[in-house]
Protein chains: 2
Amino acid sequence: MSAAQQVGIRQLRYFVAVMQHGSFRAAADAVHISQPPLTRQVQQLEEVIGVRLLERGARGVTATPAGQAFFEDATNILQLIDSAATRARRTGMGQLGRLDVGVFGSTVLNTIPRIMKAFRELYPEVEVVLHNMDRETQVRALRDRRIAIGINRFFDDEPGLHCEALYSERLFAVFPANHRLAERHTMRFRDLANEPLIMYPRVSRPTGFTYELMKIFHDRGINPNIVQQVDGVVTAVALVSSGIGTSFAVDSARTLQLPGIRYVPFDPTENVRFELSIIWREEDDSALTRSFLQVARDCDKGILEPT
Amino acid sequence: MSAAQQVGIRQLRYFVAVMQHGSFRAAADAVHISQPPLTRQVQQLEEVIGVRLLERGARGVTATPAGQAFFEDATNILQLIDSAATRARRTGMGQLGRLDVGVFGSTVLNTIPRIMKAFRELYPEVEVVLHNMDRETQVRALRDRRIAIGINRFFDDEPGLHCEALYSERLFAVFPANHRLAERHTMRFRDLANEPLIMYPRVSRPTGFTYELMKIFHDRGINPNIVQQVDGVVTAVALVSSGIGTSFAVDSARTLQLPGIRYVPFDPTENVRFELSIIWREEDDSALTRSFLQVARDCDKGILEPT
DNA sequence: GCTCATTGATACCTTTTCCGTATGGCGAGG
DNA sequence: CCTCGCCATACGGAAAAGGTATCAATGAGC
């Protein structure tokens, strides 16, 4: 039978009071009870622990070595209980804790840093952990509760999960600086019919950035000339920079500035926009998740068409 | 009115039991009471703290984020109460105390035994318990009061903790006996530019022995040829002994004598020294801790440059 | 050295808290 | 739709904690 099963917090508080005031009587006043019950509680504490903690004298009490040792621990424990309660309270209010967020691709270049910055200012004591994972992994991780938030493009409707578009972005063509189209002000897809194209990410399932782009070309009766597939926007832009071909990027990816790179927007009449969405569990009513969603919404409220 | 005045230990124990068993019913059996009182105790706990800790479902309970946070603290507190009682008991008996010390790596080879010996002569009745733990674990354990003293290299400034350098040591290169440099009297880092090197401990964070050594090489424009990373000085020296390559050791690690091992000091003009530091809680006014610190200081006072 | 004031311990009763049995409500699974 | 399992509520009894009165012990002051 461990001692924790019999030691009570009142006993700890009373003992600490006696130590701090040097006498039972003064301690009794301090904790607002009369002196006899206080005496009994300390006696019981000593009995449970099995060692004498105080030496009683006519002019007050003095601590035994055991009492001194126990006093240090007891004050510490009382403090810990207090701070544990505070921590739990603050965690419940979403001011404290840890939030796991799944991110992917070009979102880490611009959107995520902006949201992170805004969130940290409001909730500096919340640890936000970013996990790079693709869309399917994000959905699975949400279901498994390994993450609370996912940020990506093109979420299908998923049962049990709630999805919301944060904002939509224009599409840009990415050219090497010496390309004949690099100085154009707007692009049309037709212009790229015979250009060597670099696509990403590697197509696996019929979803994603590559798939959406392919559909756009096919809708317009164009058979795109794909010369290279890479795994992400960074690699793609790097290849463009070395002159291998042309690629695509959304607005927020333009943060990426490599030498000899030109971003040319598509003509608005082409009517292609890519939405960035945020996804979370419907039944997740954690204050942290809600706060993060709100910050993400507010953060991108004004961001519509940066040039 | 602080929470510690209303939270009871029974409530903590009951809550922990519910968390561990995943349901009120199972927990009620575990703590040998019936289910209704257990329900009420947890309700009262939630009321006092002011935050919902558990989500009740038809198939058991799940923790809210606040509940998860509080669970960690609660288990810790219960353990502390237990160990506080034990400590007081043992302090009351002849063992006038117990001192937990966190140590790491090569300190156990020479420094620690020397301090232990000196301390035991002065305080034979004190039980000194050594815990092998790395630097971050030491800092956490100090905060949690699971240890009172930490001994390690390269402590950063930590709030609430006080750190003091015990002494600094020279660095040695460790060669197999048949190595062409093994009979040199002093080394320079340049001499090791192309040697196969064995480093330790495995680099995880940008601190520690490996990191410091790498910095020294890079400062001198040398790209070290690391052929192997191991977890400690003992393994490293063992590998040197088997002829795989060259490694490093501080002065006190030379206690380690394996067959076919040569220690060659670095030239003083290289100006590399490694400090061994001792760390403790600032507000720790326990006589035991103070005594140990004093012994550690005195013990290494004369030890400056053993050859 | 005696008295007296002060402190902690004991006895006894009251109040509060806590536990147990019985029962109700609610959601999951057949 | 019904049953089963789980949690919540209600109420009576047991146990623990607190209050008042009083005693024993010890040191201060005369």
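Here is how names work: the chains are called A, B, and so on, in the same order as the sequence lines, proteins then strands, and each is numbered from 1. Note that these values count all heavy atoms, side chains included, but never hydrogens, waters or copies made by symmetry.
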For [X] and [N], give me the distance from atom [atom1] to atom [atom2], rounded to whole Å.
X        : N       : atom1 : atom2 : value
Arg52(B) : dA8(D)  : CZ    : C1'   : 11 Å
Arg40(A) : dG19(D) : CZ    : P     : 10 Å
Gln11(A) : dA17(D) : CD    : P     : 6 Å
Ile33(B) : dT21(C) : CD1   : P     : 12 Å
Leu38(B) : dC6(D)  : CG    : P     : 14 Å
Phe24(B) : dG27(C) : CZ    : P     : 17 Å
Glu55(A) : dG27(D) : CD    : P     : 13 Å
Gln35(A) : dA25(D) : CD    : C1'   : 14 Å

Minimum-distance nucleotide (side-chain atoms of [X] versus [options]):
X        : options                  : result
Val61(A) : dA8(D), dA9(C), dG8(C)   : dG8(C)
Ser34(A) : dC19(C), dC7(D), dG19(D) : dG19(D)
Ser23(A) : dT7(C), dG20(C), dA8(D)  : dT7(C)
Thr39(A) : dA9(C), dC7(D), dT21(C)  : dA9(C)
Arg56(A) : dG8(C), dA8(D), dG19(D)  : dG8(C)

| request: Kindly indicate whether the side chain of Gln43(B) and the base of dA8(D) share any N or O donor-acceptor pair separated by less than 3.5 Å? | output: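 There is none.
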| Taking atom types as they are modelled, is there a donor-acceptor pair under 3.5 Å from the base of dA17(D) to the side chain of Gln41(A)? |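 Flag unset: no donor-acceptor pair detected.
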| said: Over all strands shown, is Gln44(A) touching base, sugar-phosphate only, or nothing at heavy-atom distances under 4.0 angstrom? | reply: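 The residue Gln44(A) makes sugar-phosphate contact but no base contact.
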Just checking, any donor-acceptor pair under 3.5 angstrom between side chains of [X] and [Y]?
X         : Y         : result
Gln35(A)  : Thr39(A)  : yes
Thr64(B)  : Glu55(B)  : no
Arg135(B) : Gln138(B) : no
Arg40(B)  : Gln43(B)  : no

| request: Calculate, to the nearest 0.5 Å, the distance between atoms CZ and CG belonging to Phe15(A) and Leu38(A) respectively. | output: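 Phe15(A) CZ to Leu38(A) CG: 11.5 Å, rounded to 0.5 Å.
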